[in-house]
Amino acid sequence: MTGTPASSTRRGFLRAGLAAGVALPAGATLARAQAAPDPLITEVQDWARYSGDGVDETPYGLPIRFEADVIRRNVPWLTADTISSINFTPIHALDGTITPAGCAFERHHSGAIELAKPDYRLMINGLVERPLVFSYDDLERFPRRQGVYFCECAANTGMEWAGAQLNGSQFTHGMIHNMEYVGVALRTLLAEAGVKPEGKWVYVEGADASSNGRSIPLDKAMDDVMVAFKANGEALRKEHGYPARLVVPGWEGNLWVKWLRRIEVTDAPVESREETSKYTDTLANGVSRQWTWVMDAKSVVTAPSPQVAIRHGPGPLVITGLAWSGRGAITRVDVSVDGGRNWTTARLAQPGVPMAVTRFYLDHLWDGEEMLLQSRAVDETGYVQPTKAALRDIRGENSIYHNNGIQTWWIKKDGTAENVEIS
Ligand code: MTE
Ligand code: CO
C-alpha cells in the first residue's frame, strides 16, 4: 500500500465536509433530538436479529474491516525499493499513546528477516573477562525490566528540511512508534561477561545482511538500554526484530538494533558506515555533526491534519497530537491556531513519561475560520521545541536527520488541511 498524494484526496475530503456540514452554534450540545424517525433506532437491525461470530472464528484478531485504511504507508519516491526502505505509522488515525505493533513503522536496510528462537544466538565479546554466547532461552532466565519508550528514526521529518513537502502527519512524523517493552537490561548481560576497565564503548550489530552496526558509549549501555523480546505484551513482530532487539531509550532509532546478534565491548567507537556517511548531520558550512544520538523534544498535531479533515461545522473541535523528548518527560505542550502568534497550553492526557510519547488535547471552539495550527513541546529540561526558521538558522538545510521544528497545518474553512510553512 502506498501513500496517496494529498491533492487527489482533497476533493473527497471536501465532499465529506459538505455532507456533514451541520453548523452548530458555539457551545451547543452535540447530541440532538431527531425530527424524523431514525430507522437505525426504530427498526431491528441484522446485528440484533442474528448471532455474531463464534469465539473460534478469530484466534488472533485483526482490526474490523471498516478500519482497513489505518495502515502503514510508504512514500514511493523516497526509497528506490521496498527492501532497503521505510514505511510510516498512521499516527493521524491513532489515539492514546501505545502504537499497535501491526501498524508501527518499519525501517530496514536489508529487509525484515525471519529468525526462529532456536536459531538465535547473542554473542558478547571484545574487552570482557568471559566472552559469552546466549541462546534465546538464556535471555528469558535473567531478571526482567519493563518500560514504555518511543523509537523515532533520526530521519523522521527529514523530507521537510527544504520546505513543506508531504501532506499528512503519517508522512511528516510517522517514523515513530511507542511501545511497552519487556526484556533484560543490557548491563545485566554485560555484568555476566564482565567488562574490562579498558572497555568504554559497545558495538552492537544485527543478524540481517545489513547488520546495522552502531557504537554506543558504555555509560548509556550500562544505564537504561534493554535487550527486549516483548512489545505491547507479545513477542516482537518479525519486522521489529524478533526474537530480540535493542531498546535505546530517547536515542535515535538507528541504534535500536533488530535481530541483535553481537555486542562487542571496545575502547573506542568503530566509526561504522551508519555513524559516518549516514546518521551524521551536515551543517551549512559542510561540516557534519557526529554522535547526535538524542532525539530532541518534538510534537505534532495529528488531528485535524491533511489526512484528517474536520467533518463538521463551527463548534466544539478536539485538537490532538503527540509530543515526545529523548531527554526526559514532556512537561507542557502549547497549541496555536494562528501560526504561533498566540499559544494555549494543551491538556496532557497523562503526565509525561520519560522517553515515551505523550498525548495532548486542546478542547477548542472552532469559529469555522481558517487556522494555522501548530504545537510546541517543552520537556523537563526546559528545552522548547524550536520553529523551523530557528532550526535552520543553526543547522542549515543540508541535514536529513534530527528535524524537530514546529509543524504548521493550514486548516481551511471547508475543514481540509494542507502542510505549509509560515515565514
Ligand atoms: N537493525 C537492523 N538489524 N537492521 C536495520 O535495518 N534499522 C534501524 C533500527 N535497527 C535496522 C535496525 C533503523 S534506521 C531504525 S529507525 C529502527 O531500527 C526502526 O525500527 P522499527 O523497524 O522497529 O521501526
Ligand atoms: Co532509522
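Whatever order the structure lists ligands and atoms in, that order sets their numbers, starting from 1. FYI, side chains are in, hydrogens and waters are out, and symmetry mates aren't considered; it's all heavy atoms of this structure. Note that this is a predicted model, so its numbers are computed, not measured.
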- prompt: Does Asn167 offer a backbone N or O that forms a donor-acceptor pair with the side chain of Trp409 under 3.5 Å?
  reply: no
task: Would you check if the side chain of Arg130 reaches a backbone N or O of Glu192 as a donor-acceptor pair within less than 3.5 Å?
output: yes
With a 4.0 Å cut-off on N to O distance, would you call [X] and [Y] a salt bridge?
| X | Y | answer |
| --- | --- | --- |
| Glu152 | Lys298 | yes |
| Asp363 | Arg347 | yes |
| Glu205 | Arg261 | yes |

query: Partners of Glu421 by salt bridge (Lys or Arg N to Asp or Glu O under 4.0 Å), sequence neighbours excluded?
result: Lys388, Arg392
field: Atom-level proximity to ligand 1, residues with heavy atom under 4.0 Å
entry: Phe105, Glu106, Arg107, His108, His109, Cys153, His177, Gly206, Asp208, Ser210, Asn212, Glu239, His240, Arg245, Gly253, Asn254, Trp256, Val257, Lys258, Trp259, Tyr279
